[in-house]
Structures are given as structure tokens and as C-alpha cells.
Amino acid sequence: MAKHVLIVGGGYVGMYTALRLHKKLRRELKRGELQITVVDPQSYMTYQPFLPEAAAGNLEPRHVVVPLRRVLPRATILNGRITRIEHANRQAWVEVVGGASAEGVGGGQSGRTAETRVLSYDVLVFCPGSISRTLPIPGLAECGIGFKTVGEAIYLRNHVLAQLDIAASTADEQKRKRALTFVFVGGGFAGVEALAELEDMARDACEYYPNIEPSDMRWNLIEASDHILPEVGLDMGRWTVEALRQRGIAVKLQTLLKSAEGHHIVLSDGEEFDAGTLVWTAGVKPNPVVKQTDLPIDEKSRVKATAELTVEGVADAFTAGDTAAVPDLANPGNFTAPNAQHAVRQAKTLGDNVVASLRGKQLEPYKHAYAGSVASLGLHKGVAQIYGVKMRGLLAWFMHRTYHLSRVPTFNRKARVTADWTLAFFFKREVVSLGVIQRPREEFELAARKD
Ligand SMILES: Cc1cc2nc3c(=O)[nH]c(=O)nc-3n(C[C@H](O)[C@H](O)[C@H](O)COP(=O)(O)OP(=O)(O)OC[C@H]3O[C@@H](n4cnc5c(N)ncnc54)[C@H](O)[C@@H]3O)c2cc1C
């Protein structure tokens, strides 16, 4: 009987692990001796470090995702959400997409009931990643948006440009001020890059709005600790704060968001103002589906992993990435940080260890010393620290692009990303809001109502 490997999550760890299994177990897959199933609500893997550039219009959103069915032709891709795992019985429950909560063409309920499938498997690879870590702040759930998915990146691009349209068209000074106020909470990779790229885009767009000067906009970065971008080191983080401030961006350290009810922002330092945009990027937490499994979890709700990327004390189960507490052998006593650098490398070791376990061979431990990080702060601006070498400005930005181009999976994606960047080099970026795609039936409903 064919062995069945179930991969939960087709993100960094899931997709790269499946690619590794495709490469190493080609013969077994061809002969039908092995079956791989990847379960993910999305049909694509998102290259998250490119989301800020997609939001800023430097990259076509479709080019920052990798279609799973195209790159994994021998795997079964099941689009759905794992809702429960009983590993003791080697069974997983999947709520298939298009169930009760799916919207019909008309945006109403489809009337379909949720379809749940129960899958049996032999080997589990558990890597459903993380979700935004939110706090019970009044108004946050209603007014805020995260920055983890390609949908959020596209939405924010349209939203920011739509705010400029509102500001340029209204005669109400308060409304204009609110539209031109943008708040980002959280000074890690996602928050700083998203803010810097979107501010850069909005600044460029002001050229086409005769009644909006870049200085009319108010961009705010709110960070609870006393530093930002810990990934590039404290001094480069301090340099980034100054670079952002010189661009007119208000960077508030050791400050908390207290409330955002009705888009009225209240900060812990007593400042209050209205903002049309609130982006929450204050960290991530392991996917809560971990609690619907019989896998062991730690006090931070991460799946307990061994250095070999197996689940601690459990046979035939592997884990890695943002969901897992992986011992950091390069930094004893610590766990590896939730980032793409570890996720990609862990996937390689994990894939090899799945192969080794299927062949009854010795598993290898995962060990990688953090190489540093690169971050983009808008067109031609960046900050980086790689193997202790600090870079800033154009050089860091160039390193950011070169590094990520080398990392983005498949030749097809590399070519498309290069083409996007080359076009952006010769032509100005498009600064039109297509927010209407989030309300596709508005015009039709209006027409239908008139009759
Ligand atoms: C905007 C942004 C920028 C970033 N930039 C960098 C950077 O420059 N450098 C860096 O090192 N890291 C960066 N990161 C972090 C990096 O992207 C993550 O650490 C990495 O994606 C983790 O990989 P993963 O496989 O654990 O999770 P993911 O890649 O998030 O994959 C998890 C997958 O599981 C799926 N899933 C979720 N729930 C279920 C379920 N119930 N059932 C089935 N599937 C499910 C999801 O749809 C997703 O496809 C960035 C993150 C963000 C958000």
C-alpha cells in the first residue's frame, strides 16, 4: 500500500517540503508507492517578504504567489482548512473551501452546508504557520487590518490611494485630515516595510493631486518597545528610526495603541486623532489550529519540536516554521525565530528527514546560524545587516532585491519579478485605486434597483 504523507499548510515550510519530497522520492511518486497531499485554504504559497512591494505597486500581486498545483504536479492539493487532527489514529478533518460560509456570485450565502472530509495518513507534516497577534483594544477588530496576506496587501494599496481621492475631493477639512492620516502599529519587518513602501507610493502619487502636498499626509509608526526592526540589529534599527523621521514619518517608541473606536486613535502618551487607515502588524502567534490536535504544545501554543524537526515524543509527525518551537542549536537554550530564513532551511532538513524515516535511516538535526536581514524602506531605500556587515540606503535596497530574487521560488517567478522591476525602472508606477474590485456588484445592483 502507498504511504500517505499529509502536509498541513502550503506556505514556506509546506511547499518547500513538498518540493523536496518531489525531488527525492520521484521514483516512488511515479510508481504510486507514495502519495503526498497538501491541504491549504489557498491554492498558492505567498512569498510574504514581497508583500510590501506588491502593496506599493512595484510588483504585480500575482507574481508574489506561487501556484501549488503548478509546482507540485505529483501532489494532491486539497483546498480547505484543517479543523482537527487525531494523530493517534492518523486522521485529519478538512473543511473544504466553498462550504456554508462561501459567498455565491451575488455575494449572498451560497446555501451550501460545510463539507468536511476525513483524511487518513501515515506521516504528518504540520506547518500551518502563524496568525496576527491581536489585543483586546476597543475598535481594533472593526477598524484595523493586518498585513500577512496578498489580499490585505492589495486591499491596502487600493485603500491608501482611495484615501488620497477622498482628501482631494472633499470640502470637509476634518474628513480630509482623517483620510490623510495613516497609522501602523508594530515596528517589525512587516510594519516598517509596509509603512515605508506605502508612504513612498503615496508620496509619488501626490504628484497627480494638485491640492495634496506630501507634507499634508501624516504617517505614524507606533511601537511598544524602545526600538524597531530588531532583525537588523539595534544600531541599524536606530538609524531606520532617524531615516523615517527625516521623511516626515512620526515614529513613536514605547507607545501603545489604547483605542481605535470609530477610527479615533488614542495613544498611551495621551495623543488623540482620527485616522482613515489603521494597520496592525504587532507580531504573530502560532496558528490556533494547534489546539485542535493531539500534538504536544508549549506555553506559547507552539508545537514542541525536536532538533530533527519531529514532533516531540510522537512517531510519524514532523513540524517546523512559525507554528513550531524548534530548538536553536546555533544559539543553545533558545528557539529559532519565526522567519522565512529558518522556514526555508527547516523545510529542506524536514523533507530529507521524512525521506530518511521512510527508508529507516538516521535523521539529521537542523542547525543554522541566523545570517542577518534585509529590509526595503521604499524605492532605492533600505537597511540591512548580513553576517555582521551593516548596509543602508541604496546598497541595502539593492541587497534586499538581489537576496529575495535569489530566494523567490521557481524560474518563472524570478523572471516575472525581474520584468516588473525592469518596467518600474523605465515607467512611473500606476497610482490608481481599483478598490471597486472589492465591491464588484455595486454598479449592477444600482442599475437593477433603478428598473
Ligand atoms: C509582510 C511580511 C514580510 C515578511 N518579511 C520577511 C523577511 O523579509 N524575511 C524573513 O525571514 N521573514 C519574513 N517574514 C516572515 C515569514 O514570511 C514567515 O516566517 C514564514 O512565512 C513562515 O513560514 P510557515 O511555513 O511557517 O508559514 P506560512 O508561510 O505562513 O504558511 C502557512 C500556511 O498554512 C496555511 N494554513 C493556515 N491555517 C491552515 C489550516 N487550518 N489548514 C491548512 N492550512 C492552513 C496558510 O494558508 C499558509 O499557506 C515576513 C512576514 C510577513 C507577513
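One-based numbering, in listed order, for ligands and for the atoms of each.
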Whether Arg247 and Glu199 form a salt bridge (side-chain N of Lys/Arg under 4.0 Å from carboxylate O of Asp/Glu) is what I want to check. yes
Suppose we measure from atom 43 (C) of ligand 1 to each protein heavy atom; which comes out shortest, and what is that distance? Val39 O, 3.4 Å
More than 12 heavy atoms from other groups under 6.0 Å of CZ on Arg26: no
For atom 6 (C) of ligand 1, closest protein heavy-atom neighbour: Pro49 CG, 3.5 Å
Can you tell me which portion of Asn287 lies within the under-4.0 Å heavy-atom range of ligand 1? Options are side chain, backbone, both, or neither. side chain
Please check if the number of heavy atoms outside Lys414 that lie under 6.0 Å from its NZ is greater than 12. yes
Atom 47 (O) of ligand 1 - nearest protein heavy atom and its distance: Asp40 OD1, 2.8 Å
Of the protein's non-hydrogen atoms, which lies at the shortest distance from atom 30 (O) of ligand 1, and what is that distance? Gln48 NE2, 3.8 Å
Counting only nitrogen or oxygen atoms and a 3.5 angstrom limit, does Thr323 reach ligand 1? no
Applying a 4.0 Å heavy-atom criterion (strictly less than), which segment of His404 is in contact with ligand 1: side chain, backbone, both, or neither? side chain
Out of Ala153, Pro128, Ser376, Gly14, whose heavy atom is nearest to atom 32 (C) of ligand 1? Pro128
min-distance protein heavy atom vs atom 12 (N) of ligand 1 -> Ala340 N, 3.0 Å
Taking Asp322 first and then Lys285, would you say they form a salt bridge - that is, a charged N and a carboxylate O separated by under 4.0 Å? no
Has ligand 1 got any nitrogen or oxygen that is less than 3.5 angstrom from a nitrogen or oxygen of Asp322? yes
